[in-house]
Amino acid sequence: MKKFSDLNLVEPLLRAVKAEGYDTPTPIQAQAIPPALTGKDVLGVAQTGTGKTAAFTLPILQRLEELDIQPRQNTPLALILTPTRELAIQISESLKTYGKYLRQHHTVIFGGVGQNPQVAALRRGVDTLVATPGRLLDLMEQGHVYLDEVETFVLDEADRMLDMGFIHDVRKVVKELPKQRQTLLFSATMPSAITSLAEQVLLDYVRIEVKPAATTADRVDQRVMFVEKSNKRKLLEDLFSDPDIDRAIVFTRTKHGANRVAKFLNQRGIESDAIHGNKSQGARQRALKNFKDGGVRALIATDIASRGIDVEDVSHVINFDLPNEPESYVHRIGRTARAGADGMAVSFCDEGEVDYLRDIEKIIRQKVEVDGEHAFHEDRIARMHADHTRPRAKAPSNSRGGGQRGRSSRNGGGRSGGRGRRR
Ligand code: AMP
């Protein structure tokens with residue numbers, strides 16, 4: 001079996017990988033990294049959980065290091081296009097982790113939040129840009145991003161781009177890329193539209209296909225409970241009458257929701273604490289310590305606040321609200337069943353969340369077992385889910401501001417500074 005040290009990676013990358021505790025590359029990494037490092041195009045048929053993120057972030061970091069040029073304002077040298085905000089954030093975290101001993105810069109842009117901090121980061125100059133398609137096109141149209149110096153382009157989760165209706169946006173982005181570049185395309189499945197896209201964007205490529213890894217989703221015992229929104233709190237209280245739930249993380253969609261659930265549980269004598277972005281770092285750390293020490297039985301968290309929570313022996317993850325991004329579900333349930341321990345994940349699903357459940361089942365490639373035995377079971381919602389075979393309307397093609405179409409001219413676009421050597 002190959003080791004990371006057999007893959008021709010430079011020392012600062014090997015050190016960063018080691019610091020993460022990895023010594024054996026996953027199959028996609030072992031097969032994709034060597035050709036990607038030589039500049040070859042790669043088609044990776046691999047899904048989330050196989051380690052594909054490192055399979056493209058490590059070669060990008062190394063190639064840009066070898067290139068050794070200072071990126072100009074608004075002109076990234078590598079572009080990673082991915083369909084969702086959640087994936088974009090994960091990829092940017094990987095760049096940070098693996099690039100920690102290098103002096104490269106990256107930033108991440110996605111819709112649904114203000115553009116100003118993103119524009120400012122682009123203006124400072126980035127080596128690698130991680131983006132979702134809609135916001136990228138938006139910022140390109142406004143003259144905040146130019147793609148003509150992109151050396152490596154990654155198209156991540158190409159099949160989901162198609163599912164989400166982003167394929168035209170992807171094509172628009174590709175048109176702006178230099179013809180001479182490296183392209184790495186990853187897709188879990190290869191429907192015909194993706195095969196033809198691959199033929200168009202890849203040149204003389206290496207095709208690598210890996211079997212899905214045993215994902216967290218396979219190791220965690222998962223249940224869904226169909227319930228009216230107004231009964232969720234009572235159902236939660238009922239669940240906590242089971243003493244087996246000794247250390248649970250309860251996920252809500254909003255900060256207010258987290259506070260309300262924590263207050264409710266405390267009023268019912270179930271010790272709990274909320275942890276979310278409105279709390280100071282100190283308050284968050286205290287809550288976390290209290291939870292680790294067993295001082296509270298439940299920690300109520302939002303997705304963002306849960307990043308970096310690493311607590312052993314979480315007996316249950318309870319999704320009080322289902323996340324609208326399916327990756328968040330996988331992330332959440334990964335908080336239990338750490339290190340081979342048995343974990344249990346219970347999700348509440350109300351009428352408005354049936355579509356979310358469907359998206360989740362699609363990415364985990366399994367049905368979540370229905371628990372219809374609880375006191376608040378809503379058969380009507382269960383049937384909605386079971387009947388839900390009708391294809392959903394395509395998501396709108398990302399939110400676009402009322403920005404003016406057409407690229408601003410380079411001169412007007414406000415780029416300055418030539419490419420120079422990094423050191
Ligand atoms: P990905 O498919 O890129 O989302 O990665 C799935 C998970 O595997 C992430 O949590 C990575 O941190 C982890 N991972 C990636 N590469 C390795 C490796 N070589 N050994 C162990 N874990 C890894």
Side-chain angles (χ1 to χ4, degrees), residues 1-9 13-34 36-37 42-62 78 80-100 106 108 128 130 132 154-161 184-189 208-220 303 306-311 314 317 323 325-340 343 360 362-365:
M1 194 177 275
K2 275 195 174 163
K3 295 239 164 241
F4 272 107
S5 50
D6 300 328
L7 300 184
N8 298 329
L9 290 165
L13 292 177
L14 285 176
R15 203 164 10 127
V17 165
K18 196 161 177 216
E20 276 302 284
Y22 308 155
D23 64 351
T24 314
T26 65
I28 188 84
Q29 292 163 359
Q31 294 172 68
I33 292 174
L37 284 177
V42 173
L43 168 63
V45 186
Q47 67 180 80
T48 296
T50 53
K52 69 181 165 69
T53 315
F56 58 79
T57 48
L58 288 168
I60 287 181
L61 289 163
Q62 178 147 332
I80 303 172
L81 207 53
T82 190
T84 70
R85 162 193 166 127
E86 179 71 21
L87 280 165
I89 294 170
Q90 274 176 39
I91 294 167
S92 112
E93 283 171 358
S94 289
L95 285 168
K96 187 169 163 200
T97 304
Y98 302 131
K100 68 179 172 185
H106 69 270
V108 53
T128 303
V130 186
T132 56
V154 176
L155 181 58
D156 185 32
E157 307 244 339
D159 52 347
R160 277 184 70 204
M161 293 280 194
L184 312 174
L185 189 154
F186 289 83
S187 195
T189 57
I208 297 161
E209 181 156 0
V210 299
K211 296 248 174 314
T215 57
T216 329
D218 300 327
R219 299 197 340 256
V220 179
D303 287 301
S306 78
R307 280 174 195 287
I309 297 183
D310 196 6
V311 180
V314 171
V317 163
E325 300 228 38
E327 288 80 16
S328 298
Y329 176 85
V330 179
H331 243 136
R332 287 177 179 189
I333 68 170
R335 305 281 160 197
T336 182
R338 285 264 151 126
I360 288 164
K362 206 166 163 193
I363 78 151
I364 63 173
R365 284 154 205 263

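Start at 1 and go down the list; that is how both ligands and their atoms are numbered.
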Problem - Within-cut-off N or O pair, Thr50 and ligand 1, under 3.5 Å - result: yes
Problem - Any protein heavy atom nearer than 4.0 Å to atom 10 (O) of ligand 1 - result: no
Handout entry: Interfacing atoms of ligand 1 (cut-off 4.0 Å, heavy-atom, Phe4)
Key = 19 (N)
Practice task
Report yes if some N/O of Gly51 lies less than 3.5 Å from some N/O of ligand 1; otherwise report no.
Solution key: yes
Completion exercise
Contact region, Glu20 to ligand 1, non-hydrogen atoms below 4.0 Å, reads neither
Problem - Gln62/Ile33 under side-chain contact (heavy atoms from CB on, under 4.5 Å): CA gap, chis, key distance, verdict - result: CA-CA 10 Å; Gln62 178 147 332; Ile33 292 174; over 6 Å; no
Completion exercise
So CD of Glu209 and CD of Gln31: to nearest 0.5 Å the spacing works out to 10.0 Å
Practice task
Would you confirm whether His106, through its side chain, and Ser92, through its main-chain N or O, come within 3.5 Å as a donor-acceptor pair?
Solution key: yes
Practice task
Kindly check if the number of other-residue, nucleotide or ligand heavy atoms within 6.0 Å of NZ (Lys18) is above 12?
Solution key: no
Problem - Closest protein heavy atom to atom 18 (C) of ligand 1, given as residue, atom name and distance to 0.1 Å - result: Tyr22 CG, 3.6 Å
Fill in the blank from the handout: Tightest non-hydrogen contact, residues Pro25 and Lys3, listed as CD-C, 3.5 Å
Handout entry: Option with minimal heavy-atom separation from atom 4 (O) of ligand 1, where the choices are Ile91, Thr53, Leu58
Key = Thr53
Problem - Donor-acceptor under 3.5 Å (Glu327 side chain, Ile363 main chain) - result: no
Problem - Nearest non-hydrogen partners of Leu37 and Pro59, listed with the distance - result: CD2-CA, 3.7 Å
Problem - Tyr98, any N or O under 3.5 Å of ligand 1 N or O - result: no
Fill in the blank from the handout: The atoms of ligand 1 lying under 4.0 Å from a heavy atom of Thr24, numbered in the order shown, are 18 (C), 19 (N), 20 (N)
Practice task
Establish whether atom 7 (C) of ligand 1 and some protein heavy atom are separated by less than 4.0 angstrom.
Solution key: no
Exercise for the section: Please work out whether any backbone atom (N, CA, C, O) or any side-chain heavy atom from C-beta onward of Val17 is under 4.0 Å from ligand 1, and answer side chain, backbone, both or neither. Expected result: neither
Exercise for the section: Starting from atom 15 (C) of ligand 1, locate the nearest protein heavy atom and write down its residue, its atom name and how far away it is, to 0.1 Å. Expected result: Gln29 NE2, 3.6 Å
Practice task
To the nearest 0.5 Å, tell me how far Asp23 CG sits from Leu14 CG.
Solution key: 11.5 Å
